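Reviewing the structure listed below.
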Amino acid sequence: IALNGSKLIDGQHRLLAVIESELASVRMAVIRDADPATFDAIDIGAKRSHGDIFREDLHVMHPISLIGRLVYGKPATPRQLAPVHAKLQKPMRELVALYNRGTKRFTASPIKVAALAAILNGERKSYVHELFKNICAFNVGELPPVAQNFVKQVSMGNGTHAKVETRTRDQLLVRAWTTFQEKNAELKQITVHDISKRMEEIRKVFRDALNIIPVVATKPSDSGPGAT
């Protein structure tokens with residue numbers, strides 16, 4: 001068992017096992033004042049999800065992990081994800097509370113990420129929440145034209161390749177991002193022309209909210225020693 005102050009660094013599953021065993025006591029080694037840096041490395045060989053590490057509902061953690069991937073440009077480590085989780089867990093829980101846990105198609109992580117991005121970008125929370133709730137409940141009659149088209153594309157396709165495209169993460173994220181912008185409410189057909197540009201819009205929203213500056217890879221300078 002590893003502790004840093006009152007924070008449990010390692011040993012959650014062992015302690016839960018002790019509780020479930022109903023044994024009076026179990027002897028085990030306890031390390032106090034463990035370096036929090038070990039948080040990223042302990043039991044790294046075990047299949048531990050971000051939900052396990054942060055002790056978070058997977059309906060909340062999966063979209064937060066996706067946001068981490070968006071802002072860092074690659075799967076985030078637990079240490080990188082910690083400020084993302086700390087900042088966004090509450091608004092993500094508010095979204096999760098709006099739907100029945102049995103619904104899956106319209107509660108996918110990209111859709112929740114798009115809804116949160118819209119709110120962070122200045123859309124009215126009440127508008128986004130109501131729209132998301134009605135999409136999840138498949139209340140088509142309560143949806144504006146853009147959301148009706150979104151539901152159609154996700155569930156049925158439009159006779160071409162929409163069904164395939166909306167099943168890919170980026171396509172689904174961008175189409176949902178378009179749907180949750182109130183200015184697009186009367187749009188009757190969602191068409192994605194430049195997905196990379198739209199994805200960058202979403203990344204910027206989260207990077208600004210989290211105050212994360214992207215790392216831009218640069219080519220080695222030609223002006224170093226030996227350059228002509």
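Not measured: the values here are computed from a predicted model.
Distance check, rounded to the nearest 0.5 Å: CD of E94 to NZ of K112 gives 14.0 Å. Note: L88 CG to F206 CZ = 6.5 Å, rounded to the nearest 0.5 Å. To the nearest 0.5 Å, the span separating CG on L66 from CZ on R169 amounts to 5.5 Å. Between Y72 atom OH and L70 atom CG the span is 12.0 Å, to the nearest 0.5 Å. Atoms CZ and CZ, from R203 and R69 in turn, are 11.0 Å apart once rounded to the nearest 0.5 Å. The distance from atom CG of L58 to atom CD1 of I64, rounded to the nearest 0.5 Å, is 11.0 Å.
Of all heavy-atom pairs spanning L172 and A108, the tightest one is CD2-CB, 4.2 Å. Residues F132 and L98 share a closest heavy-atom pair of CD2-CD1, 4.0 Å. The nearest pair of heavy atoms linking A185 to P145 is O-CD, 3.2 Å. Closest non-hydrogen pair, V60 versus Q89, comes out as CG1-O, 4.2 Å. Residue F106 comes nearest to S155 through the heavy atom pair CZ-CB, 4.1 Å, listed as atom of the first residue, atom of the second, then distance. Smallest separation of non-hydrogen atoms from L131 and P144: CD1-CD, 3.5 Å.
Counting non-hydrogen atoms of other residues, nucleotides and ligands closer than 6.0 Å to CG of D194 gives a total above 12.
The shortest distance between side-chain heavy atoms of V146 and Q181 does not fall below 4.5 Å. No side-chain heavy atom of E142 sits less than 4.5 Å from a side-chain heavy atom of K133. A heavy-atom distance below 4.5 Å is not found between the side chains of L143 and F150.
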Show your reasoning for whether side-chain contact (heavy atoms from CB on, under 4.5 Å) applies to M92 and H62.
-> CA-CA 10 Å; M92 188 58 72; H62 283 167; over 6 Å; no

Show your reasoning for whether side-chain contact (heavy atoms from CB on, under 4.5 Å) applies to N184 and T179.
-> CA-CA 7 Å; N184 296 326; T179 300; over 6 Å; no

Passes side-chain contact (heavy atoms from CB on, under 4.5 Å), S65 versus L81? Steps please.
-> CA-CA 7 Å; S65 294; L81 206 55; 3.7 Å; yes

Full working for side-chain contact (heavy atoms from CB on, under 4.5 Å) between M61 and H85 = CA-CA 8 Å; M61 201 66 229; H85 177 258; 3.8 Å; yes

Is there a salt bridge (charged side-chain N to carboxylate O under 4.0 Å, His left out) between R198 and E201 once you walk through the steps?
-> CA-CA 5 Å; R198 304 306 301 281; E201 291 174 1; 3.0 Å; yes

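Using cut-offs of 30° and 60° on the angle between ring planes, the pair Y99 and H59 is tilted.
Among the candidates I195, V192, I202, the single residue satisfying the side-chain contact (heavy atoms from CB on, under 4.5 Å) test with D170 is I195.
A side-chain donor-acceptor contact under 3.5 Å links N149 to the backbone of I190.
With salt bridges taken as basic N to acidic carboxylate O contacts below 4.0 Å, none links E123 and K183. Under a 4.0 Å N-O distance rule, the pair E130/R124 does not qualify as a salt bridge.
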